[in-house]
Structure formats: C-alpha cells, structure tokens
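Presented below is the structure to which this report refers.
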Amino acid sequence: MFKKALRVGLLFLMLCSLAACGAAGQRDTGTPDVSENSGYESVEGTQIKMITENTEVVITLNDSRAAADLVAMLPLEMTLIERNGFAKGMTLPEHLSSIETTTREYEIGDFGYWNTGPDLAIFYDDIYEQTIVEVIPLGHAETGAGTMANESGTVRLELVSEKGEQTENE
C-alpha cells in the first residue's frame, strides 16, 4: 500500500513538473502586444527582392514590427533550405519581433517568419492544407514564388527602391 501511494505521489509530482515546464514556455500569440508594437516605423508596401542564381522574386511587405525588423537587417545573404516540398527556408542571423499574430494558413507567394528558427520562408506550392508550425506573416510575392521550387544555394534579400532599383544598403 505504501509503495502504491509513493508511486502515485511521484507520478503526481512528475505531471505537475511537466505542466509547469509547458506553461512557462507558452505565450498568447493571438493578439499582438500593442506596447511592443508601438514606436516603430511601418514598412507596409515596401518591396524586397529575393535573388538566387536563377531567379528573382519581389515581395511586398506588410505592416508588422517583424517586417520592419527584417528591413533593418537588409541586405542579407543566407542559404536556402528545402521545407517539405512546399517552401524554401532561410535562417536569419538574429530574431525578429515575435509579438505578432501567427497563422498556419498559407498560399503560394506568402512570405513568413518562424521565430524558433529564426527562419524566413517563402511558400512556392500549396500541397498541404496548412503549415506544421505557427508562422508570422511578413508579406506576399504576387508572382514568381513558384520559381523557388528548384532553387538551392545562396539567396540574397535586399530592398527595392521607389524606382524599382536596389537601394544603397549594401
């Protein structure tokens, strides 16, 4: 009887410990924290180029702090990573703001950020109903995302100026 009670007690303690660990890592991703999102300059409508050896995709950014953080890092050169036959990923040198609304929904051309990586992704195919992980939307490529399917190697992200030329942020 004592051994059974001891086992039940230990099991209870283990479950409490696991629950505490899980709760400590959780955060509410549904609603952005307005205080953290205030005080940044919106980059909504800003365009960036994603350039590989064989293709160039122009992405229009949204009004998120994460997109503004990305613009502040440009230009960047990263290695492309294949993501399950529907997206190309790129690992950033540092994290972007993650106090943003997340989603698992996507369509071809969507450009997003996964904080855990910290990785960027451009979705070039819609073979899945949704992504496996929550992604912060950063923008969208109206055309050309499908050309990323066969790309590998290095990718360069850079700003596009008002006249369609690259900027001097090199």
Side-chain angles (χ1 to χ4, degrees), residues 27-84 86-126 130-170:
R27 64 179 178 84
D28 179 17
T29 58
T31 306
D33 180 345
V34 176
S35 63
E36 181 164 323
N37 274 339
S38 61
Y40 76 96
E41 188 173 330
S42 173
V43 295
E44 184 171 20
T46 298
Q47 292 187 319
I48 61 173
K49 286 183 190 178
M50 179 178 286
I51 305 164
T52 66
E53 183 177 334
N54 302 310
T55 196
E56 182 177 297
V57 178
V58 176
I59 299 164
T60 303
L61 298 176
N62 64 19
D63 179 25
S64 67
R65 184 177 192 119
D69 289 351
L70 176 63
V71 167
M73 290 183 185
L74 298 178
L76 286 171
E77 284 197 16
M78 298 167 285
T79 302
L80 284 171
I81 306 162
E82 178 58 44
R83 297 288 186 207
N84 298 322
F86 76 116
K88 292 292 181 180
M90 300 140 268
T91 301
L92 288 167
E94 59 188 75
H95 290 269
L96 306 177
S97 173
S98 61
I99 306 299
E100 307 282 352
T101 301
T102 61
T103 185
R104 290 185 180 194
E105 303 297 318
Y106 76 96
E107 57 186 56
I108 294 172
D110 281 352
F111 182 63
Y113 171 64
W114 179 50
N115 187 48
T116 305
D119 288 348
L120 298 173
I122 185 159
F123 298 95
Y124 63 79
D125 203 336
D126 60 359
Q130 63 181 11
T131 63
I132 296 170
V133 298
E134 295 282 335
V135 176
I136 296 170
L138 298 178
H140 187 79
E142 293 301 323
T143 60
T147 63
M148 294 299 294
N150 298 318
E151 293 301 312
S152 61
T154 302
V155 63
R156 179 176 171 87
L157 296 180
E158 61 186 41
L159 281 170
V160 174
S161 74
E162 295 289 323
K163 297 175 187 170
E165 301 295 320
Q166 83 182 46
T167 64
E168 299 298 318
N169 273 2
E170 300 188 45

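Thr116 places none of its side-chain heavy atoms less than 4.5 Å from the side chain of Val133. Looking at Thr101 and Ile136, their side chains never come closer than 4.5 Å, going by heavy atoms from C-beta outward. For the pair Leu76 and Pro93, the minimum side-chain heavy-atom distance is below 4.5 Å. Within the 4.5 Å cutoff, the side chain of Ser97 has heavy atoms near those of the Asp69 side chain. No side-chain heavy atom of Leu157 sits less than 4.5 Å from a side-chain heavy atom of Ile51.
Evaluation of the side-chain contact (heavy atoms from CB on, under 4.5 Å) rule for Glu105 yields Thr103, Gln130 as partners, not counting sequence neighbours. Residues passing the side-chain hydrogen bond (donor to acceptor under 3.5 Å, both in side chains) test with Thr55, sequence neighbours excluded: Thr147. In this structure Tyr113 satisfies the side-chain hydrogen bond (donor to acceptor under 3.5 Å, both in side chains) test together with His95, Asn115, sequence neighbours excluded. Applying the side-chain contact (heavy atoms from CB on, under 4.5 Å) rule to Ser42 yields the partners Glu44, Asp63; only residues at least two apart in sequence or on another chain are considered. Under the side-chain contact (heavy atoms from CB on, under 4.5 Å) criterion, Thr79 pairs with no residue at all, not counting sequence neighbours. Listed by chain and number, the residues in a side-chain contact (heavy atoms from CB on, under 4.5 Å) with Thr131 are Phe86, Arg104, Tyr106, Phe123, Val135 (sequence neighbours excluded). Legend: residues meeting side-chain hydrogen bond (donor to acceptor under 3.5 Å, both in side chains) with Asp119, ordered by chain and number and at least two apart, are Arg83, Thr91. Scored by the side-chain hydrogen bond (donor to acceptor under 3.5 Å, both in side chains) test, Thr52 finds Glu151 as partners (sequence neighbours excluded).
Expressed to the nearest 0.5 Å, how far CG of Leu74 lies from CZ of Arg156 amounts to 9.0 Å. How far OG of Ser152 is from NZ of Lys88: 6.5 Å, rounded to the nearest 0.5 Å. Taken from CG in Leu70 to CD1 in Ile59, the straight-line distance is 9.0 Å, to the nearest 0.5 Å. Between the CD atom of Glu100 and the CZ atom of Arg65 there is a distance of 8.5 Å, given to the nearest 0.5 Å. If you take CG on Leu61 and OG1 on Thr46, they are separated by 6.0 Å, rounding to the nearest 0.5 Å. We find the CG-CG distance between Asn54 and Asn150 to be 9.0 Å, quoted to the nearest 0.5 Å.
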Could you go through Val57 and Ile122, starting from their C-alpha distance and side-chain angles, then the distance that decides it, and tell me whether this counts as side-chain contact (heavy atoms from CB on, under 4.5 Å)? CA-CA 10 Å; Val57 178; Ile122 185 159; 4.1 Å; yes
Please determine whether side-chain contact (heavy atoms from CB on, under 4.5 Å) holds for the pair Leu96 and Leu120, giving the CA-CA distance in whole Å, both sets of side-chain angles, and the decisive distance to 0.1 Å. CA-CA 10 Å; Leu96 306 177; Leu120 298 173; 4.3 Å; yes
What do the steps show when you test Leu92 against Met73 for side-chain contact (heavy atoms from CB on, under 4.5 Å), and what is the final call? CA-CA 9 Å; Leu92 288 167; Met73 290 183 185; 4.2 Å; yes
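Remark: the backbone N or O of Met50 is not paired with any side-chain donor or acceptor of Glu158 at under 3.5 angstrom. Under a 3.5 Å cut-off, the side chain of Asp126 and the backbone N or O of Ile108 do not form any donor-acceptor pair.
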Identify every side-chain donor-acceptor pair in residues 137-145 under 3.5 Å, counting partners at least two apart or on other chains, and give the distances.
from   : atom 1 : to     : atom 2 : distance (Å)
His140 : ND1    : Gly109 : O      : 3.4
His140 : ND1    : Asp110 : N      : 3.4
His140 : ND1    : Asp110 : OD1    : 2.7

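Scanning both residues, Thr102 and Glu134, for their nearest heavy atoms gives OG1-OE1, 2.8 Å. Residues Tyr40 and Ala68 share a closest heavy-atom pair of CD1-CB, 3.7 Å.
For Thr154 and Glu77, the side-chain atoms include no donor-acceptor pair closer than 3.5 Å.
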